[in-house]
Visitor: 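Sharing a structure, written as C-alpha cells. Questions coming.
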There are 2 protein chains.
Amino acid sequence: METSFRAQAGEALRAEGHRLTKQRDVLLDVIERSDRHLDADSIHRLARARDARVSLSTVYRTLSLLKRRNLIDELHLSEEHHHYEPKSTSQHFHLVCSDCGTVEEFIGGAVEALRDSLRRNRGFEVTSLQLDVVGRCGRCPSGATRPQR
Amino acid sequence: METSFRAQAGEALRAEGHRLTKQRDVLLDVIERSDRHLDADSIHRLARARDARVSLSTVYRTLSLLKRRNLIDELHLSEEHHHYEPKSTSQHFHLVCSDCGTVEEFIGGAVEALRDSLRRNRGFEVTSLQLDVVGRCGRCPSGATRPQR
DNA sequence: ATAAGTGCAAAGAATTTGCATAGCG
DNA sequence: CGCTATGCAAATTCTTTGCACTTAT
C-alpha cells in the first residue's frame, strides 16, 4: 500500500481539484524525506537543489494550502519563524520520563475528557491540541533522579 | 509584603543597574493590570493612553529586557505575533481562539483528571505539563474560520 | 482552451537597530 | 555631568500579494 506523505498529499490535493505541478511534487517530496521539522527557507533551499524553478512564494503558497487541507502541521516553537511537519494520522501526545529519558506516545481518553470539558464548561471548540508531559514513568523507581547533564 | 509584578520587576531591574524610567514603570503597570496576555501592540496602546511618550520601540526593548531577566514569559502561540505574561509560579494552560485571537488561561479540573489518569493507568507521575489548545471560543460564531485578510 | 499555478518584485506585518537627544542618578 | 534609555525612522526578517505569464488537465 502506498502511504507515503507525498503520494497521500498529492492525491488529496488532486481530489479537491488542485493541480499537481512539478513544483508542488518536489515540495511534497522534500517535506516527506526530511526527518526534522523544516522551516520555509530550508524547504526552499532543498527544493531548489532539486529543481531551480521553485520560488519561495510557491513554497509559502504550498505550505499554506497543505495547512488548510490539514496535511501538515505548522509548529510555532520558540523561534521567530515557523516549522512544518507532515501531519500524523492520529493525534498523539508525548510522555517524557525525566529519569530514563524514554519518550512514549499516548492517545488518551483523558484528553478526550478534557476536550469535552472545554466544550461543556466554556463553549470552547477544540481544533488542535498540543500536549507535552514530563514526569517519571512507571518503570523508574521514585528514588533519586538521574543527574541532568 | 510587596508582591506586585510592577514593584517586583522594577526592583529586579534597579538591582541590576537599570534605570526605572517613567516609560518602563507605565509598561510594568500595564502588564500587571491586564488579565489577558497582551501582545506588543496592545501594550503599546494601553501604555500610550497613560503616557503619550511611550514608543513602540521602548515597548519592545522593555519586553526584551524583562524576558532576558526572566520576569515575563513570551508565548509563541498560533498567532503570528507574540504574547507576553508575567512569569507565574502556578501552572496554567492556554486556550487560543483561532477566530478572534483571544488567549485565555485555564486551570482545569480536566487537567487534574488527566494527571490522575496517567498515574492510575500507567504509573506515570507527572512533574510538569505543557498544554496549548487552539480552537474556537464560545464568543465566536461557528461560521467562517477563514483567516482572510 | 482556460482557469489554476507560478515567478518576480513589491507590499505588509512584526520586530530590531542606528543615531541624535532627553533625562535618571 | 555621564551614561542609559528613548523616539523616530530606517532596516531586517518572515510572509503575503498583485500581475502578467505558464502550464496542467
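Order of the sequence lines sets the chain letters (A, B, ...), proteins ahead of strands, with each chain counted from 1.
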Visitor: What's the CG-C1' distance between L63(B) and dT6(D), to the nearest Å?
Guide: 15 Å

Visitor: Quick one: what's the B/S/- string for nucleotides 19-25 of chain C, heavy-atom cutoff under 4.0 Å, read 5' to 3'?
Guide: ----BBS

Visitor: Base, sugar-phosphate or nothing for T58(B)? Non-hydrogen atoms, less than 4.0 Å.
Guide: sugar-phosphate

Visitor: Please state how far atom CG in D39(A) lies from atom P in dC14(D), giving the value in whole angstrom units.
Guide: 8 Å

Visitor: Taking the nucleotide of DNA chain D with the closest heavy atom to each, which residue, G17(B) or S57(B), is nearer the 5' end?
Guide: G17(B)

Visitor: Check whether any side-chain N or O of Y60(A) sits under 4.0 Å from OP1 or OP2 of dT16(D), and answer yes or no.
Guide: no

Visitor: Does H81(B) have a side-chain nitrogen or oxygen under 4.0 Å from the phosphate oxygens OP1 or OP2 of dA13(C)?
Guide: no

Visitor: Grab the CZ-P distance between R24(A) and dT22(D) for me, whole Å please.
Guide: 19 Å

Visitor: Assess, by modelled atom type and distance only, whether the side chains of H18(B) and R14(B) contain a donor and an acceptor separated by less than 3.5 Å.
Guide: no

Visitor: Answer yes when D25(A) and K22(A) have at least one side-chain N-carboxylate O distance shorter than 4.0 Å, and no when they do not.
Guide: no

Visitor: Between E74(A) (CD) and dC14(D) (P), how many Å, whole number?
Guide: 14 Å

Visitor: Answer yes when D73(B) and K67(B) have at least one side-chain N-carboxylate O distance shorter than 4.0 Å, and no when they do not.
Guide: no

Visitor: Strictly distance-based, threshold 3.5 Å: is any side-chain N or O of R48(A) a donor or acceptor partner for the main-chain N or O of V54(A)?
Guide: yes

Visitor: Among side-chain atoms of H83(B) and D39(B), is any donor-acceptor pair under 3.5 angstrom?
Guide: no

Visitor: I'd like to check L65(A) versus R24(A) (side-chain heavy atoms, cut-off strictly below 4.5 Å). Are they in contact?
Guide: yes

Visitor: Separation of D25(A) atom CG from dG5(C) atom P, in whole Å?
Guide: 14 Å

Visitor: I need the CG-P distance between L65(A) and dT15(D), as an integer number of Å.
Guide: 17 Å

Visitor: Just how far, in rounded Å, is P of dT13(D) from NE2 of H44(A)?
Guide: 17 Å

Visitor: Between dA24(D) atom P and L13(A) atom CG, what is the distance in whole Å?
Guide: 15 Å

Visitor: If only atom types and distance count, is the side chain of E32(B) paired as donor or acceptor with the main-chain N or O of F5(B) below 3.5 Å?
Guide: yes

